[in-house]
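Protein chains get the first letters and strands the later ones, always in sequence-line order, with residue 1 at the start of each.
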Amino acid sequence: MSKAKLKVREPLTDTQLLMTITICIFIVMYGLAMLIFGGGFLRTQQIFDILNDNASLIIVSCGLTIVMIGGGIDISVGAVTSLVVMSCVMFYNRTGNMVLAALLAIGIGLAFGLIQGALISFLDIQPFIVTLAGMFFARGMTTILSVNPQKLPTETMDKLAGIKIEIPWLGYVANNGNVIPARMEIGVVVALLVVIAVFVLLQFGSLGRNFYAIGGNQTSALMLGINVKKTRFMSYVICGLLSGISGFVFMMHTGAGNATNAAGMEMNAIASSIIGGTLLTGGVGNVIGTFFGTLTLKTISKIVVTSGLNDPWWQSITTGGMLCFFILLQSIVLGRRAKKKK
Amino acid sequence: MKNNFKRFFSSGLGQLTIPIISICLLIIFNLIRDPSFFSISIAHNNDGNMVLAGNLISIINGASELAILAMGMTLVTAACGGQDISVGAAAAIAGSVFVKIIKMCMFDFNSDIKAGYIILAFLAACVVAMLFGAFNGTLVAVFKIQPMIATLILFTCGRSIAYWINGGATPTVSSPIITAIGGFIPGVPIPTPVIIVVVMAVLFKLLFHFTSLELFTQSVGINGNAARLNGINSTFIKLLSFIILGICVAVAGTIGVSRLGLINHETLLIDIEMDTILAVAIGGNSLGGGKFKIGGSILGAYVIQMLTITLYAMKVSSTDVKAYKAVVIILLVVIGSPVVKKYFGRMVSKAKANRSEKKAKGAVE
């Protein structure tokens with residue numbers, strides 16, 4: 001028997017293992033919700049609702065996943081999103097030009113990414129401190145722009161709400177016999193495109209592979225001839241860019257700028273990435289996992305609300321609990337792996 | 001003379017250069033802007049007590065919670081090489097427990113607030129805060145999770161837990177004793193929180209004097225494995241640092257509640273985690289762990305409060321202060337960053353070399 005015929009099954013890598021756990025948990029959880037609550041959970045619209053509400057969170061989480069794979073962290077994303085929403089709404093109200101507003105959104109996001117990335121990678125300052133300051137700056141700037149909520153004009157809102165993709169065959173038949181198609185907002189399309197783009201970048205792009213390399217072991221990445229500083233810088237730039245895009249998507253969804261917009265989004269994004277199997281220490285992670293991480297997180301909140309625990313505190317307590325569970329899971333799984341290797 | 005100067009800076013006091021320089025800069029700035037900023041007067045408060053008033057007093061008074069948290073945070077930073085970002089949320093929980101216990105006692109015994117209730121409530125708040133500290137500490141020390149991520153859990157849900165403890169309300173507690181804790185003790189012109197800070201500082205000093213905690217913490221922070229091989233239980237030291245921070249959190253939460261006489265889970269010590277970490281950093285402590293000086297962190301806390309009050313005096317609104325503060329923080333960390341330090345070091349040595357060259361040339365000529 002020749003050796004070539006023996007097919008050795010490769011063990012799951014850390015990335016795949018953690019991602020598989022998440023996807024399994026998501027499917028089991030959603031299935032249970034279908035069985036127990038029925039109703040809304042039986043309709044595909046439920047999934048689309050979750051997607052519609054959290055398109056910007058998915059985009060931000062993708063950016064954060066890149067940064068975390070590179071071994072860093074960025075907690076300014078939520079604040080930047082909020083700043084982008086506020087400035088875009090105010091800009092649109094002044095000029096009435098949506099294309100320029102979109103460019104502004106991308107510009108603000110890029111500016112944050114560039115400055116924070118430069119401070120972190122070229123000046124060797126701890127990412128947490130820099131992005132914490134960035135978060136404060138963005139939040140402060142948002143209130144400097146306007147303390148009061150700013151709204152888009154109603155006709156623009158209607159127009160934005162009108163742009164929806166309807167999928168009739170995924171819809172359901174209402175009581176009166178009409179078929180109500182599943183609706184998906186344009187933001188979801190953007191989010192899905194971002195997920196695919198980031199997936200391709202991480203899986204096949206040389207820059208993406210470099211992110212894994214510097215996150216896994218900086219010294220060996222350096223020895224391999226990877227420009228560590230530039231790679232880390234790029235991770236923050238991409239993350240900043242994605243938070244800009246996320247701000248624009250957020251604006252399309254809500255249509256109003258408010259100082260408290262996207263509050264706690266950075267924590268939700270970090271939680272999504274962690275649940276999706278991104279390791280905090282860097283080097284391990286997958287954007288598909290992050291996507292399912294967001295879905296898991298938000299499905300849990302939906303379940304919490306549906307099951308009657310609709311006091312305002314339960315949502316963040318369950319988020320915290322989930323986070324705790326997955327962080328411990330990661331720590332245990334990887335601890336066992338490390339022991340096996342020894 | 002020169003040698004003395006050098007020794008002064010290379011010794012532990014050198015660590016305090018950043019906070020001292022920043023305080024000096026702020027004082028000079030304020031002197032130029034408005035000299036009356038520093039006036040201190042004696043006023044009568046609502047109860048008719050003689051109290052000190054003025055911007056300086058409000059700086060020292062307002063920084064109390066920050067200073068207390070900074071003391072505990074310094075220990076955690078030194079031992080674990082990371083920071084606890086859940087202090088604000090944990091303080092909200094401690095404050096909620098404090099109010100809850102007082103309310104329960106009042107309800108059970110059907111009487112007004114007595115000193116005993118407050119002591120009991122404070123102890124309960126301490127225990128709860130220590131438990132949450134132990135939770136964070138276990139994640140960090142036993143499960144080897146980065147401190148900032150481990151404390152992220154409590155940061156996410158801490159304020160909600162506080163909300164839940166009080167059943168979605170913001171109950172008020174009013175009693176002369178609580179007013180005294182948050183304001184002034186009758187007959188004493190110094191704000192009580194300042195006295196509590198002094199007491200806490202003395203307690204820490206005594207703790208370090210009578211135990212080897214300081215040495216152990218430093219050695220765990222510098223090299224955990226080496227410390228373990230030398231017989232120090234590094235897991236325990238890390239856990240202990242979080243528990244001590246828990247006590248600080250309970251004290252800070254109690255002061256925060258007493259100041260207002262009510263618990264508001266959303267605004268109590270909001271955003272204090274950033275300020276606390278900053279106080280530790282400005283105090284010259286390495287955020288990567290190792291050597292530390294609690295005095296530096298306390299000074300750092302006062303620097304931050306001074307900056308805040310200066311901004312308020314310049315008519316910056318309280319929501320906008322964040323943006324300006326962030327700029328100052330970035331400037332400070334950029335100046336303190338290793339790359340910039342190295343660059344300046346090279347510049348200085350170059351200048352020195354030039355001078356000595358010139359001297360040598362002069363001698364030849």
Side-chain angles (χ1 to χ4, degrees), chain A residues 68 73 75-76 79 83 115-116 118-130 132-145 147 259 264 266-268 270-271 274 280-281 311-328 330-332 334-335 338, chain B residues 82-83 85-86 89 135 139 142-150 152-168 265 271 273-275 277-278 281 287-288 316-334 336-343:
Chain A
M68 278 165 68
I73 196 151
I75 58 168
S76 69
L83 176 63
I115 294 171
Q116 292 182 157
L119 287 175
I120 291 163
S121 42
F122 298 124
L123 289 185
D124 262 344
I125 307 173
Q126 283 199 358
F128 208 96
I129 301 291
V130 172
L132 206 56
M135 168 176 153
F136 270 52
F137 184 72
R139 286 263 177 238
M141 282 308 285
T142 314
T143 51
I144 288 175
L145 279 178
V147 182
E266 52 279 337
M267 297 309 155
N268 275 331
I270 293 174
I274 291 173
L280 302 157
T281 41
D311 289 315
W313 50 82
W314 283 115
Q315 285 217 12
S316 48
I317 290 182
T318 41
T319 307
M322 287 267 289
L323 201 57
C324 183
F325 171 72
F326 278 96
I327 287 177
L328 282 179
Q330 274 193 7
S331 160
I332 290 165
L334 295 173
Chain B
Q83 288 76 35
I85 58 167
S86 69
F135 170 72
L139 288 180
V142 180
F143 291 97
K144 311 254 181 305
I145 299 165
Q146 293 163 2
M148 280 185 179
I149 304 299
L152 186 72
I153 299 168
L154 201 54
F155 178 87
T156 318
C157 61
R159 287 191 188 273
S160 294
I161 294 175
Y163 197 22
W164 173 55
I165 289 173
N166 278 314
H265 60 98
D271 293 336
E273 42 278 331
M274 176 70 187
D275 283 353
I277 297 172
L278 200 62
L287 290 179
V316 176
S317 88
S318 64
T319 44
D320 302 351
V321 162
K322 282 182 199 166
Y324 298 98
K325 237 191 229 173
V327 174
V328 177
I329 295 162
I330 288 291
L331 281 180
L332 276 176
V333 289
V334 164
S337 77
V339 175
V340 174
K341 261 187 191 165
K342 218 185 261 172
Y343 179 76

Seminar exercise, completed: Here the gap from B:Asp271 atom CG to A:Met135 atom CE, rounded to the nearest 0.5 Å, amounts to 6.5 Å
Problem set entry | B:Ile330 and A:Phe137, any side-chain heavy atoms less than 4.5 Å apart | no
Seminar exercise, completed: Whatever's closer than 4.5 Å to a heavy atom in chain A on B:Tyr324 counts as side chain
Exercise. Checking A:Leu123 against chain B: side chain, backbone, both or neither under 4.5 Å from a heavy atom?
Worked result: both
Exercise. For the atom pair CD1 (B:Ile149) and CG (A:Leu323), what is the distance rounded to the nearest 0.5 Å?
Worked result: 8.5 Å
Seminar exercise, completed: Interface check, chain A: of B:Asp320, B:Val334, B:Thr156, B:Val321, most non-hydrogen pairs under 4.5 Å belong to B:Asp320
For this session: Measure B:Leu154 against the heavy atoms of chain A and call it side chain, backbone, both or neither at under 4.5 Å.
Result: neither
Exercise. What heavy-atom pair brings A:Ile317 and B:Cys157 nearest, and what distance separates the two atoms?
Worked result: CA-CB, 3.6 Å
Problem set entry | Flag if over 12 foreign heavy atoms under 6.0 Å of CZ, A:Phe122 | yes
For this session: Heavy atoms only: give me the nearest B:Lys322-A:Phe136 pair and the separation to one decimal.
Result: CB-O, 3.6 Å
For this session: Mind checking the CD1-CD1 spacing from B:Ile153 to A:Ile327? Nearest 0.5 Å is all I need.
Result: 4.0 Å
Exercise. Quick one: CE on B:Met148 to CD1 on A:Ile270, what's the gap to the nearest 0.5 Å?
Worked result: 11.0 Å
Problem set entry | Interface moiety of A:Ile73 toward chain B, non-hydrogen atoms closer than 4.5 Å | side chain
Exercise. Contact part of B:Ile277 toward chain A, heavy-atom cut-off under 4.5 Å: side chain, backbone, both or neither?
Worked result: side chain
Exercise. A:Cys324 and B:Phe135: which non-hydrogen atoms are nearest, and at how many Å?
Worked result: SG-CZ, 3.8 Å
Problem set entry | Side-chain (B:Ser160) to main-chain (A:Ser316) donor-acceptor, under 3.5 angstrom | no
For this session: Measure B:Leu278 against the heavy atoms of chain A and call it side chain, backbone, both or neither at under 4.5 Å.
Result: neither
